[in-house]
Amino acid sequence: MRKIYIFDTTLRDGEQSPGVNLNTKEKVEIAYQLEKLGVDRIEAGFPAASPGDLAAVNAVARAVKNASVIGLSRSREQDIDAVVEALKGAQDPCIHLFLATSPIHRKHKLRMEKDQVLEAAERAIRYAKQYFSKIEFSPEDAGRTELDFLCQVTDMAIRAGATVVNIPDTVGYMNPSEYGHIFKTLKEQVPGIEKIQLSAHCHDDLGMATANALAAILNGADQIEGTINGIGERAGNTALEEVAMALATRADYFGATTSLNLKEIAKTSRLVSKLTGMVVPGNKAIVGANAFAHESGIHQDGMLKEKTTYEIISPESIGLRDSKLVLGKHSGRAAFREKLIDLGYELDDEAVNTAFAKFKDLADKKKNVMDEDIRAMLEEKLTDTPEVYSLETIEVSYSNKSVPNATIRVRTAEGEVKEQSAEGNGSVDAIYNAIDALTAETVELEDYSIKSVSHGKDALGEVHVVLKQDEVSAQGRGLSTDILEASARAYIDALNRLVEKRKSPGRRDKMSLI
Ligand SMILES: CC(=O)SCCNC(=O)CCNC(=O)[C@H](O)C(C)(C)COP(=O)(O)OP(=O)(O)OC[C@H]1O[C@@H](n2cnc3c(N)ncnc32)[C@H](O)[C@@H]1OP(=O)(O)O
Ligand SMILES: CC(C)C(=O)C(=O)O
Ligand SMILES: [Mg+2]
């Protein structure tokens, strides 16, 4: 299988992401991880940019042993001198020279004619040749450069001594067939092209960076440039993990491979995200948090039967432990039952159905149903405590300028629906006064506590109360995404237990599921 060289520019183009600034220590840490990932080439920075970057490139050059280290340079002697300085101590140094070739850049930015561009680039390559045996040359904005001029520039670069010619789609303007066509043309028309490597460098302005890189491979590119997590200037660069996994997953189609240690992908992604502060979107291909997560019932059912139904890549292959089945409102019984088993509950079919109905109610109110939510939900009720009272509705009116008022409606064991309103010192007090009036029970609230089950604004609130009546006390527990409702449920739960204790004084509470 054809080997595709991986040129990582996380530390150079990736660092050009607005807001990202990596210090020497951070660059070295990322470089070590890139070595573990097995990239062939590491572009460590732009030494002429600042003394700090020169020092950082030098530290990376000295640290890295198993990859070539590259410094970027304009086609100017002072930049080249800075790269010479920065790459001292590198085991396998390489300079990356660039000069824009497109009409827009020639006219407005460089204010140079075609022949001046050719001459300046050639002069720079020949100057660099005194110091480096490996030289990459990039005609910047190659994608928008006239194709015949690009062939001329490539021809000049080969004759001047470049060992790699990179074809940057600097502004992410290309589509795959156009970009592929450039490589095909260069391969067919430039004399001596077989002596050098052709490289692809794509940007993601139109979301086609990975597709364009793959099109380049199909048309003869030897090297792909990109970054981890696709970070980089503007919309970013080709995400290297995407290219590597596309080649690995569709080897049948591309017939090409990389020497990356794919199991290091997840770890490298996390490190780059942490040190650059650039959060990886949940739906990002390969390394997003949802890339191996399944929420919908039909998919979860398929996954439980056979993973390849909904996963084309195994999470283990990029160094993750497992796929995730996320319980939410789109989940089905198969995944729910699996989760119960995971959590250590053994329920019969009827209990699973009851629990599943409750879970769906909860999932309608809450975005992510966590393990803690399910445990709390399952253990909410003492099933063998008969419900003398059950909560039907609760309405609370609260303002910091008036007395809180609550209207509670409960159903009795006989099926009678009772409603009562009451005021109180606070919303919970009003709720409890209404329940007292409605049930005609005289109880003392001995304890009240509230805590959040799981995390987030929509977390379940769990209320515990202890009620006392004639020296007998009972505890109650209420669970809801609304803490006032949880408070009412806990109070009614405790009342039910008090009534039960009154009926059979020797009896002790026994917890059971559902
Ligand atoms: C597509 C890419 O990603 S290219 C890499 C982009 N990365 C960076 O620019 C990061 C590092 N850059 C820097 O720190 C600074 O821009 C420096 C140190 C390189 C230069 O700073 P300054 O001397 O202040 O120049 P400034 O950035 O304002 O302008 C760039 C100059 O370089 C010229 N230039 C641009 N590209 C090249 C090139 N490849 N070769 C030669 N000259 C170039 C521009 O025409 C402009 O020249 P002018 O001042 O004569 O008009
Ligand atoms: C320096 C060059 C290769 C670059 O980053 C670009 O053109 O996007
Ligand atoms: Mg770039």
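The structure displayed is predicted, hence computed values, not measured ones. Start at 1 and go down the list; that is how both ligands and their atoms are numbered.
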**Asked** Just going by heavy-atom distances, which of Arg111, His96, Arg76 is nearest to atom 47 (O) of ligand 1?
**Response** Arg76
**Request:** Would you check the N or O atoms of Glu140, main chain and side chain alike, for any that come under 3.5 Å of an N or O of ligand 1?
**Result:** no
**Message:** Under 4.0 Å, heavy-atom basis, I'd like to know which part of Leu99 is in contact with ligand 1: side chain, backbone, both or neither.
**Reply:** both
**Prompt:** Got a protein heavy atom sitting under 4.0 Å from atom 26 (P) of ligand 1?
**Reply:** no
**Asked** Can you tell me the protein heavy atom closest to atom 51 (O) of ligand 1 and the distance?
**Response** Lys109 O, 4.9 Å
**Item:** Proximity of Phe359 and Phe336 rings by center, below 6.0 Å
**Value:** yes
**Complete:** Counting from 1 in the order shown, the ligand 1 atoms closer than 4.0 Å to a non-hydrogen atom of Ala48 are 18 (C)
**Item:** Exercise check, heavy-atom protein proximity under 4.0 Å to atom 7 (N) of ligand 1
**Value:** yes
**Request:** Would you check if the side chain of Lys360 reaches a backbone N or O of Ser331 as a donor-acceptor pair within less than 3.5 Å?
**Result:** yes
**Option set Glu233, Gln78, Gln16, criterion heavy-atom distance to atom 3 (O) of ligand 1, minimum** = Gln16
**Request:** May I ask you to identify the nearest protein heavy atom to atom 12 (N) of ligand 1, giving residue, atom name and distance to one decimal place in Å?
**Result:** Phe46 CE1, 4.2 Å
**Message:** Does any N or O of ligand 1 fall below 3.5 Å from an N or O anywhere on Asp13, backbone included?
**Reply:** no
**Message:** Before you tell me yes or no, could you show the steps for Arg234 and Asp205 under side-chain contact (heavy atoms from CB on, under 4.5 Å), namely the whole-Å CA-CA distance, both residues' side-chain angles and the distance that decides it to 0.1 Å?
**Reply:** CA-CA 7 Å; Arg234 303 181 312 279; Asp205 300 66; 2.7 Å; yes
**Item:** 4.0 Å protein heavy-atom contact status of atom 29 (O) of ligand 1, strictly under
**Value:** no
**Message:** Does Lys3 qualify as a cation-pi partner of Tyr5, given the criterion of NZ or CZ under 6.0 Å from the six-membered ring centre and within 45 degrees of its axis?
**Reply:** yes
**Prompt:** Does Asp53 use its side chain to pair, donor to acceptor, with the backbone of Ala49 at less than 3.5 Å?
**Reply:** no
**Prompt:** Side chain, backbone, both or neither: which part of His96 has a heavy atom under 4.0 Å from ligand 2?
**Reply:** side chain
**Asked** Hey, is atom 41 (C) of ligand 1 under 4.0 Å from any protein heavy atom?
**Response** yes
**Asked** Is the closest protein non-hydrogen atom to atom 32 (O) of ligand 1 under 4.0 Å?
**Response** yes
**Asked** Among Arg74, His108, Arg234, which residue places a heavy atom closest to atom 23 (O) of ligand 1?
**Response** Arg74
**Message:** Just to check, does Gln16 reach to within less than 4.0 Å of ligand 2 when the distance is taken from its heavy atoms?
**Reply:** no
**Prompt:** Is there at least one protein heavy-atom neighbour under 4.0 Å from atom 15 (C) of ligand 1?
**Reply:** no
**Fill in**
Honestly, for Thr9 the part within reach of ligand 2 (heavy atoms, under 4.0 Å) is neither
**Prompt:** Is Ser50 touching ligand 1 with its side chain, its backbone, both, or neither, if touching means heavy atoms under 4.0 Å apart?
**Reply:** neither
**Request:** Would you check whether Arg12 reaches within less than 4.0 Å of ligand 1, judged by its heavy atoms?
**Result:** yes
**Prompt:** Counting only heavy atoms, which portion of Arg12 has something under 4.0 Å from ligand 2: side chain, backbone, both, or neither?
**Reply:** side chain
**Prompt:** Going by distance only, is there an N or O of Phe98 that falls short of 3.5 Å from an N or O of ligand 1?
**Reply:** yes
**Asked** Considering only heavy atoms, does Thr170 approach ligand 2 within less than 4.0 Å through its side chain, its backbone, both, or neither?
**Response** both
**Message:** Below 4.0 Å, non-hydrogen atoms only: which portion of Glu233 touches ligand 2? Side chain, backbone, both or neither.
**Reply:** neither
**Message:** Give me the nearest non-hydrogen protein atom to atom 4 (C) of ligand 2 as residue plus atom name, then the distance to 0.1 Å.
**Reply:** His201 NE2, 3.4 Å
**Item:** side chain to side chain donor-acceptor pair (under 3.5 Å) partner of His203, the single match among Asp13, Asp169, Asn212
**Value:** Asp13
**Prompt:** Looking at Phe149, does the NZ or CZ of Lys114 lie under 6.0 angstrom from its six-membered ring centre and within 45 degrees of the ring axis?
**Reply:** yes
